[in-house]
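Written below as structure tokens is the structure these notes are about.
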Amino acid sequence: MPGFELFGPSEHKEVNDVLDSGILMRYGFDAMRNGHWKAKSLEQELQTEMQVKHAQLVSSGTAAVSVALAVAGIGAGDEVILPTFTFVASFEAVLMLGAIPVLVDIDDTLTLDLVAVKNAITPKTKAIMPVHMCGSMARLKELKDICKTNNLKLIEDACQAIGGTYQGKPLGTYGDLGCFSFDFVKTITAGEGGAVITNNDDYAICADQFSDHGHDHVGSDRGAESHPYLGYNFRISELHAAVGLAQLRRLKDFISIQKKHYTILKDALATIPEITFRTIPEEGEENYSFLSFFLPNLDKANAAMTALKDNGIDGCFHYYNNNWHYVRKWEHLKEVKSLYPISPQIKEALGKLKTQSFNQSDFFIGRNISCLIKLSWTEEEVKQRASKMVEAIQSVL
Ligand SMILES: *Cc1c(COP(=O)(O)O)cnc(C)c1O
């Protein structure tokens with residue numbers, strides 16, 4: 001998945017354009033910037049690449065999720081449904097707005113389970129936020145139907161899935177709003193950065209203003225701009241946008257390299273009868289950043305992880321035992337360990353997590369191993385890796 005592996009001359013060139021002018025900010029200073037508008041250019045190219053009307057760059061993927069929720073009008077006391085398997089950023093972004101993250105089970109897609117989603121809807125629910133983990137997507141059509149029936153917003157956390165598609169549409173464009181991350185380990189990187197995409201003109205204006213202190217961006221004197229509402233600072237810098245611009249132009253190449261490597265590994269693992277693969281929803285195409293598969297049970301998955309490590313295979317994750325991506329070890333969330341006072345409503349909602357069990361999620365995550373697909377491998381290395389993986393896994397079955 002990581003675009004940083006292939007950092008090269010095109011990234012240097014874009015950054016040097018910015019360094020040569022010295023204008024590191026995305027707004028203003030028109031005369032001094034030698035015609036370079038890296039953030040604006042990246043937004044335009046993202047719109048084209050993602051076939052979407054609007055793209056708003058922000059400072060991180062976490063910020064992108066917060067901005068998306070904010071412009072959809074989600075805040076204090078509102079409930080947002082999201083999966084038990086995600087990166088901590090997803091619930092952080094909800095909490096930042098004073099909204100309540102409601103975690104629900106996943107299914108064999110490793111994303112939201114439809115029945116669990118329906119059961120979690122209450123009068124306070126305002127949005128469903130599928131997270132397209134490890135490069136593949138949630139059951140978006142069904143989720144959209146649930147949203148329509150219940151008058152909810154569909155907000156895609158596509159931070160790990162840029163370049164994937166669903167019904168021929170780029171991931172992130174199917175819902176009301178979509179979010180990307182360009183942090184250092186994502187499919188394309190800007191060092192740090194993120195984007196909100198949408199086809200909704202009002203949301204786009206709000207995202208543009210909200211992410212820059214509420215400035216209305218009318219006229220050419222920042223000091224004289226008015227503020228239609230309160231905002232924050234989630235701006236990206238020109239330096240980061242420059243790196244992102246070079247990387248976005250390489251996205252298609254990255255995906256095709258990933259697909260090639262992924263296919264070699266998958267074909268090899270498919271020869272093991274005990275292994276099954278993550279379900280990819282019909283009409284979906286993942287971005288091939290991870291290969292995710294299931295062992296017959298938790299013990300076998302634990303043993304397979306040890307065998308993979310012992311055989312020198314790195315980059316494989318058993319999220320059941322991971323502190324970042326799965327509810328089981330989110331103690332700080334369950335204990336509501338906040339530096340500052342948190343609303344009683346949120347405390348009460350999160351307090352339930354201490355006793356809540358997620359058996360169905362445990363069933364899938366306990367047996368799942370996801371292996372990172374690297375861009376920098378040679379074909380020979382991938383083939384060697386494939387046979388080593390097969391050998392290691394077979395040794396524990
Ligand atoms: C990386 C990630 C984010 C947050 O992105 P940052 O740019 O690191 O803030 C959000 N959600 C998911 C699923 C992610 O993987």
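Note that ligands are numbered from 1 as they come in the structure, with each ligand's atoms numbered from 1 the same way. Just so it is clear, the model here is predicted, and its values are computed rather than measured.
A donor-acceptor pair shorter than 3.5 Å cannot be found between the side chains of Gln160 and Ser289.
Using a 30° and 60° split on the angle between ring planes, Tyr319 and Phe85 fall in the tilted class, from 30° to 60°.
In terms of polar-atom proximity, defined here as any N/O pair under 3.5 Å, Ser181 does make such a contact with ligand 1. Geometrically, ligand 1 and Phe182 share no nitrogen or oxygen pair separated by less than 3.5 Å. Taking distance alone, with nitrogen or oxygen atoms compared against 3.5 Å, Glu192 stays at or beyond that limit from ligand 1.
Environment of CG in Asn151: sparse, with no more than 12 heavy atoms of neighbouring residues, nucleotides or ligands closer than 6.0 Å. More than 12 non-hydrogen atoms from other residues, nucleotides or ligands lie less than 6.0 angstrom from OH of Tyr27.
At the shortest separation from atom 11 (N) of ligand 1 among protein heavy atoms lies Asp157 OD2, 2.8 Å. At the top of the distance list for atom 8 (O) of ligand 1, counting protein heavy atoms only, stands Asp183 OD2, 2.6 Å. Nearest protein heavy-atom neighbour of atom 9 (O) of ligand 1: Thr62 OG1, 2.4 Å.
Numbered from 1 in the order shown, with element, the atoms of ligand 1 that lie under 4.0 Å from a heavy atom of Gly61 read 4 (C), 5 (O), 6 (P), 7 (O), 9 (O). Atom numbering of ligand 1 starts at 1 in the shown order; those under 4.0 Å from a heavy atom of Ser60 are 7 (O), 9 (O). Atoms of ligand 1 lying under 4.0 Å from any heavy atom of Val131, numbered from 1 in the order shown and given with element: 13 (C).
Of the possible polar contacts, one joining the Lys144 side chain to the Tyr174 backbone as a donor-acceptor pair under 3.5 Å is found.
Only the side chain of Lys186 comes within 4.0 Å of ligand 1, counting heavy atoms alone; its backbone N, CA, C and O stay farther away.
Annotation: cation-pi geometry not satisfied between Lys186 and Phe180 (NZ/CZ under 6.0 angstrom from ring centroid, within 45° of ring axis). With Phe293 as the aromatic partner, Arg278 does not meet the cation-pi criteria of under 6.0 angstrom to the ring centre and within 45 degrees of the ring axis.
Salt bridge status for Lys252 with Glu49: present, with a side-chain N to carboxylate O gap under 4.0 Å.
The closest non-hydrogen atom to atom 12 (C) of ligand 1, taken over Cys159, Gly194, Ala89, comes from Cys159.
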